[in-house]
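To start, the structure under review is shown below, and the notes come after it.
Order of the sequence lines fixes the chain letters, A, B, ..., with proteins taken first and strands second; residue numbering starts at 1 for each chain. This structure is a prediction, so every number in the text was calculated from the model and none was measured.
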2 protein chains.
Amino acid sequence: MTLLRDERLTAEELVVWRMLQRAQVRIARHLEAELLVAHDLPLASYDVLSQLAEAPERRLRMNDLAGRVLLSRSGLTRLIDRLQRDGLVNREACESDARGLFAVLTDAGVARLAEATPTYLRGVRAHFLDALGPDEIGQVRELVARLTGATGAP
Amino acid sequence: MTLLRDERLTAEELVVWRMLQRAQVRIARHLEAELLVAHDLPLASYDVLSQLAEAPERRLRMNDLAGRVLLSRSGLTRLIDRLQRDGLVNREACESDARGLFAVLTDAGVARLAEATPTYLRGVRAHFLDALGPDEIGQVRELVARLTGATGAP
DNA sequence: ACTGTTTAGGTGTGCGTGCAACAAACTAAG
DNA sequence: CTTAGTTTGTTGCACGCACACCTAAACAGT
């Protein structure tokens with residue numbers, strides 16, 4: 001009977017997981033669509049730009065950056081290629097390690113990020129946060145902290 | 001000063017959103033990897049199979065199915081192509097509407113789903129639920145219900 | 001120094017997806 | 001019945017990603 005209870009519990013939890021997954025995908029799509037029409041900037045690019053903006057000296061090693069934006073190294077290579085082509089990011093060599101490269105946010109990149117950020121924040125607020133009470137945000141963050149701690153790095 | 005508080009709140013909320021996003025992506029990847037190595041079944045395929053299994057008569061119109069698995073119609077067309085090639089799903093015409101097609105789960109599809117489901121459930125449990133207390137699951141579900149209600153269909 | 005191992009980043013290739021355009025079938029108005 | 005408009009599913013195309021492999025540089029032990 002504990003077996004039965006466990007299975008019923010699993011079915012219940014399963015629904016939660018699926019809902020969360022669907023909600024996440026939907027929100028991300030709304031966000032990407034809005035960023036795309038308003039600033040011609042994919043969500044992944046926005047992520048990279050904002051990660052760089054928060055980093056010291058606006059620069060990050062390719063590998064570190066790939067980890068932060070949850071992208072494969074090869075995927076990041078191409079993404080940085082595009083951003084560099086658009087003048088938003090530059091590659092700069094690392095002095096202490098000749099095989100290292102920094103992705104550096106350019107002034108144009110800063111400007112573009114600043115331009116897109118209101119859209120991004122408005123989107124997050126509209127699609128995600130306005131559905132939550134302020135206290136629930138704390139709960140979610142705590143919850144997610146456990147998630148990230150429990151899963152570890154892939 | 002209210003302005004200041006709002007901005008700080010936004011920064012706080014932003015962190016939550018990002019963490020949730022990252023956690024979601026990571027968990028989905030773990031799940032997909034496990035399904036792939038154990039049953040050679042991508043996560044999207046598993047989603048389709050389980051949606052069909054839950055549907056009456058194990059069949060769903062392409063359009064409906066596309067909506068449920070959060071895929072574009074064209075994307076679903078190709079995915080069903082693959083599943084049909086593997087014998088897990090069949091296409092059947094709709095009598096009342098000659099331009100409609102049903103995706104129908106085959107017996108092999110049922111078997112494959114049954115085979116993969118333990119892996120899936122174990123994965124969800126390991127990566128998602130074990131990090132949560134049982135009461136938090138209720139909170140999350142309630143929360144996600146608001147999210148899906150607030151965003152509506154894309 | 002010298003050879004084997006590890007790490008950083010980039011390239012070739014294949015896969016899966018969405019968008020736009022399309023053909024077929026339903027629907028509605030005349 | 002005819003014609004215009006809508007809906008359903010598929011196809012051409014391009015894009016973005018990951019995997020496997022490759023080169024160059026750093027590091028380790030002898």
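The heavy-atom pair separating Q84(B) from N90(B) by the smallest distance is NE2-OD1, 3.9 Å.
At whole-Å resolution of the value, CZ in R73(A) and P in dG9(C) are 8 Å apart. As rounded to whole Å, 19 Å separates atom P of dG16(C) from atom CG of L70(B). A straight line from CD of E32(B) to C1' of dT17(C) spans 13 Å, rounded to a whole angstrom. Here the P atom of nucleotide dG10(C) and the CZ atom of R61(A) are 11 Å apart, to the nearest Å. L76(B) has its CG atom 10 Å from the P atom of dG18(C), to the nearest Å. Across the protein-nucleic acid pair, L71(A) atom CG and dG10(C) atom P stand 13 Å apart, rounded to whole Å. Here dA8(C) presents its P atom at 16 Å from CZ of R91(A), a figure rounded to the nearest Å. Regarding L101(A), its CG atom lies at a distance of 11 Å from the P atom of dT11(C), rounded to whole Å.
Salt-bridge annotation for D64(B) and R59(B): absent, with no side-chain N of the basic residue lying under 4.0 Å from a carboxylate O of the acidic one. A salt bridge links R58(B) with D107(B); the closest basic N to acidic carboxylate O contact falls under 4.0 Å.
No N or O donor and acceptor, one from the side chain of S74(A) and one from the base of dG10(C), sit under 3.5 Å apart.
A donor-acceptor pair shorter than 3.5 Å can be found between the side chains of Y46(A) and T117(A).
Remark: R78(A) is not in phosphate contact with dG10(C), judged by side-chain N or O atoms under 4.0 Å from OP1 or OP2. An OP1 or OP2 oxygen of dC19(C) is reached within less than 4.0 angstrom by no side-chain nitrogen or oxygen of R29(A).
Each of E95(A) and P42(A) was matched to the nucleotide of DNA chain D holding its nearest heavy atom; the match closer to the 5' end belongs to P42(A). Comparing F102(B) and S96(A) along DNA chain D, the residue whose closest nucleotide (by nearest heavy atom) sits nearer the 5' end is F102(B).
Each of I80(A) and V104(A) belongs to its own hydrophobic cluster when Ile, Leu, Val, Met, Phe, Trp and Tyr are linked at side-chain heavy-atom distances under 4.5 angstrom.
Running 5' to 3' along DNA chain D, contacts with non-hydrogen atoms of chain A at under 4.0 Å begin and end at dG16(D) to dA26(D).
The M62(A) side chain lies nearest to dG9(C) when the options are dT17(C), dT11(C), dG9(C).
Residue R68(B) places its CZ atom among 12 or fewer non-hydrogen atoms of other residues, nucleotides or ligands, all under 6.0 Å distant.
Taking CD of Q51(A) as the start and CZ of R18(B) as the end, the distance is 5.5 Å to the nearest 0.5 Å.
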